[in-house]
Amino acid sequence: MTIAVTAVTGHLGAEIAKALSGMSTGEPVIGLARTPEKAKGMDIEVRAGDYTDREQLEQSLSGVDTVLLVSGMAAPDDRIEQHRNVISAASAAGVKKIVYTSIQGAEKGTAFSPIVQSNRQTEADIRASGLAWAIGRNGIYIEPDVEYIETYKARGEIANCAGDGKCGYTTRPELAYAYACMLTDPKHDGRTYNLHGELLTQAQLAQYLNRTFGTQLQYRSMSVAEYREERVAELGEFIGTVIAGIYEGIRNGALDRTSDYQAATGRPHQSWDDYFRSLET
């Protein structure tokens, strides 16, 4: 069974290809990338795979049995059409199964909601495709908070509009293992999984960062409007507004979900004690 991973030069796509190779189950793994030249050094075959090029996608999916569709980064309406290119190309090329990396989040009421809605539309398109399918809804990556530690140190705090809301965080390697399982085991066909670890509040996240990096960060809750204004000033209108929408969703409980991680993988998600301890070594 040949497996193709789209967006293989991105952080998540690369991790999933690595996880599949590490399973040593014998399935050939092919990467698809908009710019295959960026995949130099990857120990797999890489083919051209631009989400906007339907004909190219069909050619590159020739001989593939299962494809992983990594959610794109385009604006919501464009993203829906690009994902449809991958789905229709997969069907035309004779692909038997598609696995999709969707997201969790508020489906209405925040600036992030249009992106969540576009992912839900792709989920519906996949279910209607006639292909076997499995869908993961990713929690929030915890890595960006770790990578932001110097900024947190400089400010002495974590400040956003999540309030006391609980968030299902995860890591790219944990997601990659889950998707590798979903790609290779048919028992996951027809299933939709929430993929994240133990729920954390922002105050709990600050405690983990303090323990790991020797900081004394405090969490300060901001209003949605205040946080949006700050993020827009630093990151620009589009990205700043979207990030504020993500944290508004946390505030409103949209990321406070039961995790299906163990059902998808057969093992618990890595604990946050273990994850943060691994950063100390």
Side-chain angles (χ1 to χ4, degrees), residues 7 10-13 15 70-80 82-83 101-122 136-172 174-175 194-197 199-209 213 215 217-257 272 275:
H11 289 302
L12 183 57
E15 283 285 352
V70 176
S71 183
M73 299 295 290
D77 288 345
D78 293 336
R79 185 181 308 205
I80 289 169
Q82 290 176 14
H83 292 170
T101 71
S102 189
I103 55 175
Q104 298 178 44
E107 296 180 14
K108 58 183 179 180
T110 77
F112 188 53
S113 297
I115 295 174
V116 178
Q117 290 167 8
S118 74
N119 278 257
R120 297 292 178 268
Q121 181 59 58
T122 294
R137 291 179 175 174
N138 298 348
I140 301 295
Y141 297 149
I142 207 163
E143 289 96 336
D145 283 286
V146 173
E147 294 161 3
Y148 211 60
I149 189 63
E150 294 303 322
T151 299
Y152 288 150
K153 284 181 182 179
R155 296 177 177 176
E157 65 179 10
I158 298 174
N160 56 49
C161 64
D164 295 328
K166 294 181 178 181
C167 178
Y169 283 100
T170 188
T171 69
R172 294 186 185 99
E174 289 295 272
L175 286 175
N194 288 330
L195 300 175
H196 61 263
L199 300 170
L200 295 176
T201 65
Q202 297 300 294
Q204 289 172 320
L205 175 61
Q207 290 173 0
Y208 274 114
L209 292 171
F213 297 103
T215 51
L217 303 175
Q218 300 292 320
Y219 173 64
R220 177 170 61 88
S221 180
M222 305 172 70
S223 72
V224 175
E226 288 172 333
Y227 188 55
R228 182 185 298 118
E229 183 178 357
E230 181 196 89
R231 292 294 84 200
V232 168
E234 182 172 334
L235 301 172
E237 183 71 30
F238 177 72
I239 296 296
T241 299
V242 166
I243 290 177
I246 293 172
Y247 282 89
E248 183 180 5
I250 297 172
R251 182 190 195 99
N252 296 338
L255 277 298
D256 185 352
R257 296 282 183 263
W272 296 124
Y275 171 74

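Nothing here was measured: the structure is a model prediction, and the numbers come from that model. Numbers here simply count residues along the sequence, with the first being 1.
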Self-check item: Backbone of Ser71 reached by a side-chain donor or acceptor of Thr101 within 3.5 Å
Solution: yes
Quiz prompt | Nearest heavy-atom neighbours spanning Thr201 and Asp164 | solution = CG2-O, 3.6 Å
Practice problem: Check the pair Tyr152, Thr215 against side chain to side chain contact (heavy atoms under 4.5 Å, CB included), reporting the backbone distance first and the verdict last. | Solution: CA-CA 9 Å; Tyr152 288 150; Thr215 51; over 6 Å; no
Exercise. Mind running side chain to side chain contact (heavy atoms under 4.5 Å, CB included) on Leu217 and Ile149 for me, showing each step along the way?
Key: CA-CA 10 Å; Leu217 303 175; Ile149 189 63; 4.2 Å; yes
Practice problem: Heavy atoms only: give me the nearest Gln202-Ala162 pair and the separation to one decimal. | Solution: CG-CB, 3.6 Å
Quiz prompt | Main-chain N/O of Thr171 paired to Glu174 side chain as donor or acceptor, under 3.5 Å | solution = no
Self-check item: Residue pair Leu255 / Leu199: nearest heavy atoms and the distance that separates them
Solution: O-CD2, 3.7 Å
Practice problem: Quick one: pull up CZ in Arg79 and OG1 in Thr122 and give me the separation to the nearest 0.5 Å. | Solution: 8.5 Å
Practice problem: Compare every heavy atom of Trp272 with every heavy atom of Tyr169, then report the nearest pair and how far apart it is. | Solution: O-CZ2, 3.3 Å
Quiz prompt | Glu248 and Arg251 ion-paired at < 4.0 Å | solution = no
Quiz item: Is the number of heavy atoms from other residues, nucleotides or ligands under 6.0 Å of Asp77 CG greater than 12?
Solution: no
Exercise. Considering non-hydrogen atoms only, spot the tightest contact between Gly163 and Ser221 and give its length.
Key: CA-OG, 3.6 Å
Quiz item: Rounded to the nearest 0.5 Å, how far does CG of Leu195 lie from CG of Asn138?
Solution: 6.0 Å
Self-check item: Non-hydrogen atoms of Ile250 and Cys167 that approach each other most closely
Solution: CD1-SG, 3.8 Å
Practice problem: Give a yes or no on this: more than 12 heavy atoms of other residues, nucleotides or ligands lie within 6.0 Å of atom CD of Glu234. | Solution: yes
Quiz item: Rounded to the nearest 0.5 Å, how far apart are CG of Leu12 and OH of Tyr141?
Solution: 4.0 Å
Quiz prompt | Pair Glu15 + Arg172: basic N to acidic O under 4.0 Å | solution = no
Quiz prompt | Side-chain touch Asp145/Tyr208, heavy atoms, less than 4.5 angstrom | solution = no
Quiz item: Quick one: does Tyr227's side chain have a donor or acceptor within less than 3.5 Å of a partner on Gly245's backbone?
Solution: no
Exercise. With rounding to the nearest 0.5 Å, note down the distance linking CZ in Arg220 to CD1 in Ile158.
Key: 12.0 Å
Quiz item: Say you draw a straight line from CZ of Arg228 to OH of Tyr247; how long is it, rounded to the nearest 0.5 Å?
Solution: 15.0 Å
Quiz item: Rounded to the nearest 0.5 Å, how far does CD of Gln204 lie from NZ of Lys166?
Solution: 7.0 Å
Quiz prompt | Results of side chain to side chain donor-acceptor pair (under 3.5 Å) for Gln207 - residues two or more places apart only | solution = none
Self-check item: Donor-acceptor contact present, side-chain Asn252 to main-chain Ala254, <3.5 Å
Solution: no
Practice problem: Provide the full list of side chain to side chain donor-acceptor pair (under 3.5 Å) pairs with a residue in residues 102-115, sequence neighbours left out, each pair given once. | Solution: Ser102-Arg120, Ser102-Glu123, Gln104-His196, Glu107-Arg120, Thr110-Ser113
Quiz item: Under 6.0 Å from the NZ atom of Lys153, do we count more than 12 heavy atoms belonging to anything else shown?
Solution: yes
